[in-house]
Amino acid sequence: MAAIIEAATGIALIVVPSTVGWLLLDESLSGAGLAVGRVAGVALLALGVGGWVGRKQHGKNSALAAMLTYNVLTAIYLAYLGIEGAQAGKLLWPAVAIHAALGLLLARAWFSRQI
């Protein structure tokens, strides 16, 4: 149940971060807060994925599933922000590169495991 709740909250933060901010804190998110809210949503979604994977495999690969989900989706979202050009700080592209590299390494580990 916790995995479903975390994943649902994460999806809500990704899709409508300002609304979630308003419902939780009585304050809407704007500017950089929207981007940070969406990255937090990706983290909660990854936590939910890890919990969901771990429920049937008794924890086996759940951390790997969570970290893989987080790094791949964060790399994609940050790259989108950089390509869009609206929010691009000095460390945006290095962060994209780090998350993409970690995502590739984690994907390799995920697909090389014999379950």
Side-chain angles (χ1 to χ4, degrees):
M1 183 58 102
I4 293 169
I5 292 169
E6 295 302 339
T9 304
I11 291 168
L13 273 167
I14 293 166
V15 177
V16 286
S18 189
T19 302
V20 174
W22 179 74
L23 289 170
L24 291 175
L25 306 170
D26 199 27
E27 193 75 34
S28 295
L29 301 177
S30 62
L34 292 171
V36 172
R38 286 191 172 108
V39 171
V42 168
L44 287 175
L45 177 60
L47 182 63
V49 167
W52 188 258
V53 168
R55 71 181 170 60
K56 288 218 174 189
Q57 297 178 6
H58 307 291
K60 189 175 184 183
N61 292 328
S62 60
L64 179 59
M67 292 303 289
L68 173 60
T69 302
Y70 174 75
N71 279 285
V72 169
L73 293 180
T74 298
I76 291 168
Y77 179 63
L78 292 177
Y80 164 76
L81 289 177
I83 291 167
E84 185 183 64
Q87 296 175 337
K90 292 178 183 179
L91 293 178
L92 178 68
W93 288 109
V96 170
I98 290 168
H99 285 290
L102 286 171
L104 288 172
L105 290 171
L106 291 164
R108 180 177 174 209
W110 178 264
F111 290 112
S112 69
R113 286 188 173 230
Q114 298 294 329
I115 299 176

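Quick note: numbers below take in every heavy atom, side chains included, and nothing from hydrogens, waters or symmetry partners. Note that the coordinates shown come from a computational prediction; the quantities given were computed from them, not determined experimentally.
Rounded to the nearest 0.5 Å, atoms CG (Leu102) and OG1 (Thr74) are 10.5 Å apart. For the atom pair CD1 of Ile83 and CG of Leu92, the computed distance is 9.5 Å after rounding to the nearest 0.5 Å. Distance OG/Ser18 to CD/Glu27: 9.0 Å, rounded to 0.5 Å.
Atom CD of Glu84 sits in a crowded spot, with more than 12 heavy atoms from other residues, nucleotides or ligands closer than 6.0 Å. Within 6.0 Å of the CH2 atom in Trp22, the count of heavy atoms belonging to other residues, nucleotides or ligands does not exceed 12.
The shortest non-hydrogen separation linking Leu45 to Ala7 is CD1-CB, 3.9 Å. Residues Ala3 and Gly51 share a closest heavy-atom pair of CB-C, 3.8 Å. Minimum heavy-atom separation, Leu13 to Gly41: CB-CA, 3.6 Å. For the pair Gly50 and Ser62, the tightest heavy-atom approach, listed with the atom from each and the gap, is O-CB, 2.9 Å.
Remark: of the listed residues Ile76, Val72, Leu78, Leu73, Leu78 is the sole one forming a side-chain contact (heavy atoms from CB on, under 4.5 Å) with His99.
Cluster annotation: Phe111 is connected to Leu68 through the hydrophobic network of ILVMFWY side chains, with a link wherever side-chain heavy atoms come within less than 4.5 Å. Under the 4.5 Å side-chain heavy-atom criterion for grouping Ile, Leu, Val, Met, Phe, Trp and Tyr, Tyr77 is connected to Val15 within one hydrophobic cluster. Note on Val36: it does not cluster hydrophobically with Leu34, by side-chain heavy-atom contacts below 4.5 Å among ILVMFWY residues. One hydrophobic cluster holds both Leu81 and Trp93 under the rule that ILVMFWY side chains link at heavy-atom gaps under 4.5 Å. No path of Ile, Leu, Val, Met, Phe, Trp and Tyr side chains, each step under 4.5 Å between heavy atoms, connects Ile5 with Trp52, placing them in separate hydrophobic clusters.
The closest side-chain heavy-atom distance from Val39 to Tyr70 is below 4.5 Å.
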Under the criterion side-chain contact (heavy atoms from CB on, under 4.5 Å), I'd like the reasoning laid out for Arg38 against Val42: C-alpha separation, chi angles, the key distance, then a yes or no. CA-CA 6 Å; Arg38 286 191 172 108; Val42 168; 5.8 Å; no
